[in-house]
Amino acid sequence: MRVVEEAAGSYDVVFIGSGFGSTFFLHRYLDHAAPNARFLVLERGKLHTHADQVEMGRTSEIHPNDAWIDKGREKNKTWNFTIGFGGGSNCWWGNSVRQHPSDFKLKSTYGVGTDWPIDYDDIESYYGIAEEVMQVSGPREPMLWHRSTPFPLPPHTLPLPDRLLKEAYPDHHFAATTARPSRDTTTRPKCCANGVCHLCPIDSKFTILNSFMAPYEDPRVEVLLTAEARAIDVEAGTATGVAYRRGGKDLSVSADLVVLGANAIFNPTILQRSGLDHPMLGRNLYDNFAVFGEAYLDGVDHFQGSTIVCGMNYSKYDGAFRSEFPSVLFETWNAGPLRKEFGKWRQVLPFLMKIEDLPQEQNRVVLANLDDDLPEIRYNAYSSYALKGVQQAEQLIAEILAPLPVESITRFPQGSAGSHIHGTTLMGKDPDTSILDPDQIHHQVRNLVVVGSGGFPSGCQSNPTLTICAVAMKAADKLGASV
Ligand SMILES: Cc1cc2nc3c(=O)[nH]c(=O)nc-3n(C[C@H](O)[C@H](O)[C@H](O)COP(=O)(O)OP(=O)(O)OC[C@H]3O[C@@H](n4cnc5c(N)ncnc54)[C@H](O)[C@@H]3O)c2cc1C
Ligand code: SF4
């Protein structure tokens, strides 16, 4: 990788950030670009190797809480990410989930939320490419909806409770789809199910650093680390470059195309500082509501699985109920505290239930003053739609786990989640109500692409990253076709 100390001259494309959105866009766009094209990646953080991260005990020197100011009324909520080369690929847990086709058509199917301006089939093939790059493990049997390619790796071993759930829900319970490999890949060892995936000690989960450096090793690509993009330079509706700060100096670089991939907290901030304000910019910040807990089982031992999240249950995911009640993705976990009763140590099933929230304009990211360094996050409340699911969480869990010999269910105190950040730069067909077009190109500045889950209008109960990658590659093909 060509790490440079300064930007030199002008570039065909300048990227802001080196996380999933930027990297998958870059990967795809390189195929379209001329042999002498020039690419620059501005990355705010440092490059910490896996060994450095293990040594530090964290994925970045910058703590996420030091990068934003909490001004919301919902105090039990935080927001997590990694600032550094590779972005969230360093800290993510590797759950690689396709959105359900209904997630793209929530409004037209169930009369709530907002439809995406694209549908599942528009990105189905890109999901397959992302799964191949990440070497995703998943079930061999058909899942609920169409896919044109098999999972690259076989499924993980299901523990006994999951095998019983699979028998009870043959069409709605599956081995988790995950970038934690079920066998050794050419770059990573098999996942060994110890469950501290935010910093995998054996470097098993997919990260950009361990398995996807090829785009950065292309000789056309330069990387400038510790360069914080501040604003896009825009003249007469065209992006001309990026203003950034490095080593205490304010600098700028010119570009023909800008790809903004700083994540759904910082993308709207950078757009606001660029004078690209819009009534919807930074609004509709949303994330799933996470309910963690455990079920004590009578006579069924657990923990024979081969990864941390072993099962995904879709029995409460989609149906007519979504016109008034949220969708739920239920995960079974293969790690957690044992029971304390003699002979029953392993008769416990930890779980995570992710409840769909709907975007609300009151929840937002904003710069109080354009010169401010840190964005304010004003997250005030979950939607009443999500809260219906939260209020009935115990009943939902009991219904999903009914096929098991459940002795008791404990719901842990509310978790803050905040790892799946959606909605602040919405995609849509109408420039009055959305920031980006269906290809994530800015409605007004047509040589500016904004990648990441800020564009997502719905679907937060499913983990977003595979979709971030798929949509970014689609955008790269769209723009690359005209190069
Ligand atoms: C603990 C945790 C677990 C997760 N687990 C999962 C999971 O299992 N499955 C899943 O689908 N998702 C998971 N996620 C979410 C996933 O990490 C994000 O969806 C994903 O990283 C978003 O990709 P992105 O490219 O939009 O942004 P990021 O990956 O956040 O990348 C943004 C990049 O921009 C850089 N940057 C930021 N500001 C600037 C600036 N001003 N100038 C230059 N560079 C900048 C950052 O350093 C970073 O490199 C998890 C997240 C966390 C925190
Ligand atoms: S379960 Fe363990 S081995 Fe697998 S990805 Fe997580 S930390 Fe790594």
Side-chain angles (χ1 to χ4, degrees), residues 1-19 21-23 25-26 38-48 58-69 79 81-88 90 216 221-235 238-277 281-282 365-377 421 424-425 442 445 447-452 454:
M1 183 168 89
R2 274 174 73 195
V3 176
V4 295
E5 282 305 313
E6 59 184 354
S10 67
Y11 291 83
D12 292 81
V13 189
V14 169
F15 289 79
I16 298 172
S18 58
S22 296
T23 305
F25 186 103
L26 172 63
R38 299 186 72 217
F39 297 83
L40 178 70
V41 179
L42 296 172
E43 169 51 57
R44 177 177 169 185
K46 294 182 179 172
L47 188 159
H48 295 292
R58 52 203 280 191
T59 54
S60 171
E61 286 174 349
I62 304 171
H63 194 285
N65 288 354
D66 295 333
W68 56 280
I69 303 167
W79 301 92
F81 41 81
T82 291
I83 292 178
F85 184 85
N90 295 292
Y216 296 101
V221 178
E222 297 168 34
V223 178
L224 189 57
L225 298 167
T226 64
E228 182 191 351
R230 303 285 294 174
I232 320 289
D233 293 323
V234 180
E235 286 171 25
T238 300
T240 56
V242 178
Y244 65 97
R245 187 169 289 172
R246 186 166 192 262
K249 290 187 186 150
D250 285 324
L251 302 158
S252 66
V253 57
S254 55
D256 295 336
L257 175 69
V258 175
V259 178
L260 175 55
N263 93 20
I265 303 286
F266 302 111
N267 287 349
T269 308
I270 292 168
L271 292 176
Q272 191 188 343
R273 229 188 254 118
S274 312
L276 295 173
D277 217 343
L281 183 68
V365 181
V366 68
L367 281 175
N369 301 292
L370 289 188
D371 291 339
D372 287 352
D373 288 334
L374 302 186
E376 292 183 357
I377 299 188
I421 312 166
T424 52
T425 52
H442 195 277
V445 182
N447 63 337
L448 168 61
V449 192
V450 184
V451 293

Within this structure, what is the [atom1]-[atom2] distance for the pair [X] and [Y], rounded to the nearest 0.5 Å?
| X | Y | atom1 | atom2 | value |
| --- | --- | --- | --- | --- |
| Asn369 | Asp372 | CG | CG | 4.5 Å |
| Asn65 | Ile62 | CG | CD1 | 13.0 Å |
| Glu43 | Leu224 | CD | CG | 10.0 Å |
| Met1 | Leu47 | CE | CG | 5.0 Å |
| Leu42 | Tyr11 | CG | OH | 9.0 Å |

Please give me the minimum heavy-atom distance between [X] and [Y], naming the atom from each residue.
| X | Y | result |
| --- | --- | --- |
| Ala7 | Val253 | CB-CG2, 3.8 Å |
| Ile265 | Ile421 | CD1-CG2, 3.7 Å |
| Gly17 | Val41 | O-CG1, 3.7 Å |
| Ala67 | Ile83 | CB-CD1, 4.0 Å |
| Ser18 | Gly84 | OG-O, 3.9 Å |
| Thr82 | Ser60 | CG2-CB, 3.9 Å |

Taking the side chain as every heavy atom from C-beta outward, state whether Tyr244 and Ile16 have any atom pair closer than 4.5 Å. no
Any ring pair (Phe, Tyr, Trp, His ring centres under 6.0 Å) involving residues 246-265? Give me the pairs, sequence neighbours left out, ordered by first then second residue. none
Let me see the working for Ile232 and Val445 under side chain to side chain contact (heavy atoms under 4.5 Å, CB included), right down to the final yes or no. CA-CA 10 Å; Ile232 320 289; Val445 182; 5.9 Å; no
Would you call the rings of Phe266 and Phe81 parallel, tilted or perpendicular, taking 30° and 60° as the class edges? perpendicular
Result of checking Leu260, Val234, Leu448 against His442 for side chain to side chain contact (heavy atoms under 4.5 Å, CB included): Leu448
State which residues pass side chain to side chain donor-acceptor pair (under 3.5 Å) with Ser22; sequence neighbours excluded, sorted by chain then number. none
Ala255: partners by side-chain contact (heavy atoms from CB on, under 4.5 Å), with sequence neighbours left out: Val14, Val258
Which residue pairs pass the salt bridge (charged side-chain N to carboxylate O under 4.0 Å, His left out) test when at least one of the two sits in residues 247-261, sequence neighbours left out? Arg245-Asp250
Pair listing, salt bridge (charged side-chain N to carboxylate O under 4.0 Å, His left out) test, anchored in residues 2-16, at least two apart: Arg2-Glu222, Glu5-Arg246
Can you check side chain to side chain contact (heavy atoms under 4.5 Å, CB included) on Glu61 and His48, steps first, answer last? CA-CA 9 Å; Glu61 286 174 349; His48 295 292; 3.8 Å; yes
Taking the side chain from Asp233 and the backbone from Thr240, do they hold a donor-acceptor pair closer than 3.5 Å? no
N-O pairing of Asp373 and Arg230 below 4.0 Å: yes
side-chain hydrogen bond (donor to acceptor under 3.5 Å, both in side chains) pairs touching residues 261-277, sequence neighbours excluded, are none
